[in-house]
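Below is one structure, written out as structure tokens; the observations come after it.
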Amino acid sequence: MSIKVAIIMGSESDAEEMKPASDILNELDIENESRVISAHRTPDRLREYILNSEKNGVKVFIGGAGMAAALPGVIAAHTHLPVLGVPIESKSLKGMDSLLSIVQMPPGIPVGTLAIGKAGSKNAGLLAASMLALEDKNIEKKLKEFRKKQSDKVRKDPL
């Protein structure tokens, strides 16, 4: 199996907020896998996964993390592939801590940062699909169909 998108989250508790990314990728028939690998608790496992990812077919990473939210940045530090960061909502600071941690990357180690929580997760999946569509006409076609269906659902007149 060639995994085009790797979705990595820092802990199992992030799974619900990261599910929209895999849902949209599955809807678009884009191969993906989700893994729980912590930048802080399992750094060696994370490094090994990232370093083996390209030969396993990964083209884009989506990293979801809360609190200190180092995960997307650590992924980006180990690869030249695109990394999309999804801040996970925390109880104490409502995800602002995660957002600021992910968005404030040092120059030269880019992470595309999305919105906090499920909306950011879904958009990360769509943005990954858009990146893949640059070189895959089948994904491009499915993405255009998705966008058209989404537009067609918007009513022209108020209720």
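Just the heavy atoms: all of them, side chains too, but no hydrogens, waters or symmetry mates, feed the values below. Starting from 1, each residue takes its place in the sequence as its number.
- Dense packing is recorded around CD of Gln150, with more than 12 heavy atoms of other residues, nucleotides or ligands lying under 6.0 Å away.
- Follow the hydrophobic side-chain contacts under 4.5 Å out from Leu46 and you reach Ile102 in the same cluster.
- Using a 4.5 Å heavy-atom threshold, the side chains of Val58 and Val5 count as separate.
- Each of Arg155, Lys149, Lys148 was scored for a salt bridge (Lys or Arg N to Asp or Glu O under 4.0 Å) with Asp152, with one residue passing: Lys148.
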- Query: Could you go step by step and tell me if Asp23 and Lys122 meet the salt bridge (Lys or Arg N to Asp or Glu O under 4.0 Å) rule?
  - Reply: CA-CA 8 Å; Asp23 287 346; Lys122 181 174 183 175; over 6 Å; no
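- Atom CG of Asp44 is separated from atom CD1 of Ile37 by 11.5 Å, given to the nearest 0.5 angstrom.
- Using a 4.5 Å heavy-atom threshold, the side chains of Leu81 and Lys59 count as separate.
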- Message: Could you go through Ser11 and Arg41, starting from their C-alpha distance and side-chain angles, then the distance that decides it, and tell me whether this counts as side-chain contact (heavy atoms from CB on, under 4.5 Å)?
- Response: CA-CA 10 Å; Ser11 71; Arg41 293 183 299 268; 3.5 Å; yes
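- Contact detail for Ala65 and Pro72: the closest heavy-atom pair is CB-CD, 4.1 Å.
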- Glu33 and Arg35: CA distance, side-chain angles, deciding distance, salt bridge (Lys or Arg N to Asp or Glu O under 4.0 Å) verdict: CA-CA 7 Å; Glu33 73 175 11; Arg35 292 284 181 264; 3.1 Å; yes
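- Between Gly73 and Ile109, the closest heavy-atom pair is O-CG2, 4.0 Å.
- Glu140 has its side chain out of reach of Leu134: every pair of non-hydrogen atoms, C-beta onward, lies at least 4.5 Å apart.
- Smallest separation of non-hydrogen atoms from Pro87 and Thr113: CG-CG2, 4.3 Å.
- When the side chains of ILVMFWY residues are joined at heavy-atom separations under 4.5 Å, either directly or via intervening members, Leu114 and Met131 end up in a single hydrophobic cluster.
- Atom NZ of Lys19 has 12 or fewer neighbouring heavy atoms from other residues, nucleotides or ligands inside a 6.0 Å radius.
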- Item | Residue pair Leu132, Ile30: steps toward the side-chain contact (heavy atoms from CB on, under 4.5 Å) verdict | CA-CA 9 Å; Leu132 296 170; Ile30 297 172; 3.6 Å; yes
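- Between atom CG of residue Asn138 and atom CG of residue Leu143 there is a gap of 11.5 Å, rounded to the nearest 0.5 Å.
- With hydrophobic clusters built from ILVMFWY side chains whose heavy atoms lie under 4.5 angstrom apart, Met9 shares a cluster with Ile24.
- In this structure, Ser121 contributes its side chain and Gly117 its backbone to no donor-acceptor pair below 3.5 Å.
- More than 12 non-hydrogen atoms from other residues, nucleotides or ligands lie less than 6.0 angstrom from CD of Glu145.
- A distance of 9.0 Å separates CE in Met67 from CG in Leu93, rounded to the nearest 0.5 Å.
- A 4.5 Å side-chain heavy-atom check between Lys4 and Ile139 finds at least one atom pair inside the cut-off.
- Environment of CE in Met105: crowded, with over 12 heavy atoms of neighbouring residues, nucleotides or ligands closer than 6.0 Å.
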- Message: side-chain contact (heavy atoms from CB on, under 4.5 Å), that's the test. Do Ile7 and Leu25 meet it? Break it down for me.
- Response: CA-CA 10 Å; Ile7 302 167; Leu25 291 166; 4.0 Å; yes
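- For the pair Ser98 (side chain) and Glu89 (backbone), a donor-acceptor distance under 3.5 Å is absent.
- Between atom CG of residue Asp136 and atom NZ of residue Lys142 there is a gap of 8.5 Å, rounded to the nearest 0.5 Å.
- Every residue two or more places apart in sequence or in another chain that forms a side chain to side chain donor-acceptor pair (under 3.5 Å) with Glu16 is listed here: Lys118.
- Hydrophobic clustering of Ile, Leu, Val, Met, Phe, Trp and Tyr side chains at less than 4.5 Å, counting indirect connections, keeps Val103 apart from Ile62.
- Side chain to side chain, Asn32 and Ser22 fail the donor-acceptor criterion of an N or O pair below 3.5 Å.
- For the atom pair CD1 of Ile8 and CG of Asp14, the computed distance is 12.5 Å after rounding to the nearest 0.5 Å.
- Between the CG atom of Leu51 and the OG1 atom of Thr79 there is a distance of 8.5 Å, given to the nearest 0.5 Å.
- Closest approach of Ile88 to Met18, counting heavy atoms only: CD1-SD, 3.8 Å.
- Across every non-hydrogen atom of Val74 and Ala39, the tightest pair is CG2-CB, 4.1 Å.
- Looking at Leu28 and Leu126, their side chains come closer than 4.5 Å, going by heavy atoms from C-beta outward.
- Ala76 and Val111 make their closest contact through CB-CG2, 3.7 Å (heavy atoms, listed as atom of the first residue, atom of the second, distance).
- Both Leu71 and Val83 are assigned to one and the same hydrophobic cluster, defined by single-linkage of ILVMFWY side chains at heavy-atom distances under 4.5 Å.
- Contact annotation: the side chain of Pro82 never approaches that of Phe61 to less than 4.5 Å [non-hydrogen atoms, C-beta and beyond].
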